[in-house]
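Scroll down for the structure; my scribbles are underneath it.
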Amino acid sequence: MSILIRRSNLMVPVTSAGFVAGAWRHGADAITLDLEDGVVPALKAETRELVKDAITVAGKGAADVFVRVNKEFLVADVEASVRPGLAGIMLPRVESPEDVIEAAEVLSSAERTRGIEPGTLSLILLLESANAVFRVREIIAASERVSQVGLDESDLSASLGISPLSDYDPFVYARGRMAIEATAAGVQPIGVAHPLGTLPRLLSGDDMLNAATDSKNLGFKGIICPHPSWVSPVNTAFTPTEPQVDFYNQVRDVFAQAIAAGTAAVPFAGRMIDVPVDEWAKVVIATSTACSLRDAEKQAALKSASA
Amino acid sequence: MADHVAVHRSGLTMPVVTPRFIDNAWRRGCDFVNMDLEDSVPQHMKGYARTLIKDAIANVTKGGAEAFTRINHDLVLADLEGIIWPGLAKVNYPKAEYAEEIELLDSIISRLERERGIRPGAVEIGANIETSVGVANAYDIAAASPRVREFGGAGGYDMSRDLGVEMFVGFDQFVYGKGEVELAARALGLEPHTAPFTANTTGSVGDPDRAFLEAEAARKCGFRVGGGLHPNVVEPQTRGFTPTQEEVDEAHQVLDEYRKLEVSGETWSETDGKIVDRYEAARARKLLDWSELCSARDQEKAEAVARVEAAGA
């Protein structure tokens, strides 16, 4: 099975030259160059001019490079962004399947003019309203290009009139609905556990790792990182740990022995091992392998770019 | 809601290919026995396993339990041909994802009921939700056949694999899916089969104390259906899903008080800080109805066990 490993996605405003120049060093699986909320309206046009070079720089560490476009400047932003080295675009404020179809068509035409293989550019969708959360199924299904979908919890709060508090999670339902519908459609849900979605901040050491691990256990496959310090704990949290891989390798052995002995249910380590546990073990082991390959790829790129 | 309310507080799922489990099942005191053809039976034994069900039905129901069988998602026709015999109360269908699957099951079961002299509609279908596609289509699945009378799932290992989450974490990673299946069940007047979150970080399946707390919490949240994998959890589940004597007494008091209100024409009263009104009276009636059903079920099982023991003596 082929598993998309896009655990951390570092968000970088294209206008911050220093930030752009250093982004590739942080080990992120993806880097998203922001033309939207991180850029004031007056600077949008000249910022677009910066995208071409920024894509090249951001890709030096083998990250998938995305550009977050402005919904209202979709065509101009896409035209400025589509060139070799771009993995796709992040589409904010998606409200309907038509929004997705429009973006997919703009990408198709840009692929044609730039000589990029048709269908290779991917979409990350951001849902930011009650309407979008409610229509998530048709939105996700609107294009084969959709690889990931997330909530923009800050904008969703504004849309719902919520002033978020760290003690009360307003998005249990929205997050759960997105995780289920995306998984059902074969698209990766991305997002972060409360309160970091509405109140992003820097957490120290284990706290960030724990928050990222909770995010994984909500069904998410990755986190959009507003700050480089999130990247490493996020990569760690979404990578199976060595004890987990050892445990599930044992599970596979014990289960194989049980099958040979004529049963598919066997107690092990206080648990009952049967088919679904063995199937989960396969997923953990395959994910671990895929993460190792991705990490090796990034390591090699980092090394050659630093040399 | 169907006239007949099933009492399925406790049950054991067991591989039908393990004779010592099947032979002892009737002694366990469960409300149902779920004979497994699916996850606990090795692939190469699937054909053999389904031939065992016909005789096993009589065996596992000796103590008054109902006999269920969990079939394989991908072997529907062969499994149903092998298992639909008089005495089988329910077919559990794992990883239900589309209404069409349930419609197909229904039509095959209807034919087999006709061919084998079973009362039409007797065999229930348990459409188990274990994937995100299943959650997404929950309402349509639950509505697909009148044979679906209990409906739930949205947790467990299959669900965890589908979502890519670990099973035993300190929070409810399945809260949305469980909410969706409960809503679908309630909206259709079916018995929801799910449970509130109670932390289990060890993954133990045989802890009686945990089983009791979980069953009691589930009952307090309006659920009545249990089931497990280990004989140790049968009695605590049965107990946890059954109203206590104290609750029964209290319900009688509420109804006594409410009758007085009906005479006086008032809508509510307060005794010792507790409100009695139409809502509380309805709740008390519901608890007493359930309590009676539980008692009747316990009596039925006790009589069945006594018959077996008398015959064996």
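Order of the sequence lines fixes the chain letters, A, B, ..., with proteins taken first and strands second; residue numbering starts at 1 for each chain.
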**Asked** Would you say the side chain of B:Val233 lies within less than 4.5 Å of the side chain of B:Glu214, judging by non-hydrogen atoms?
**Response** no
**Asked** If we only count heavy atoms from C-beta on, is the B:Tyr157 to A:Arg271 side-chain gap below 4.5 Å?
**Response** yes
Structural part of [X] lying under 4.5 Å from a heavy atom of chain A:
X: B:Phe168; result: side chain
X: B:His44; result: side chain
X: B:Val175; result: side chain

**Request:** Output the option from B:Glu180, B:Gln173, B:Glu166 having the highest count of non-hydrogen pairs under 4.5 Å with chain A.
**Result:** B:Glu166
**Message:** Heavy-atom pairs under 4.5 Å with chain A: which of B:Val165, B:Thr131, B:Asn137 has the most?
**Reply:** B:Val165
**Prompt:** Does a salt bridge link B:Arg186 with B:Glu182, judged by any charged N lying under 4.0 Å from a carboxylate O?
**Reply:** yes
**Request:** Below 4.5 Å from any heavy atom of chain B, which atoms of A:Asp214 appear? Answer side chain, backbone, both or neither.
**Result:** both
**Prompt:** Looking at residues at least two apart in the chain, or sitting in another chain, which of them share a side chain to side chain contact (heavy atoms under 4.5 Å, CB included) with A:Val254?
**Reply:** A:Val266, A:Phe268
**Request:** May I ask you to check if A:Lys216 and A:Phe238 form a cation-pi contact, with NZ or CZ under 6.0 angstrom from the six-membered ring centre and within 45° of the axis?
**Result:** no
**Fill in**
Expected contact set for residues 12-40 of chain B against chain A at heavy-atom separation under 4.5 Å reads B:Val17, B:Asp39, B:Ser40
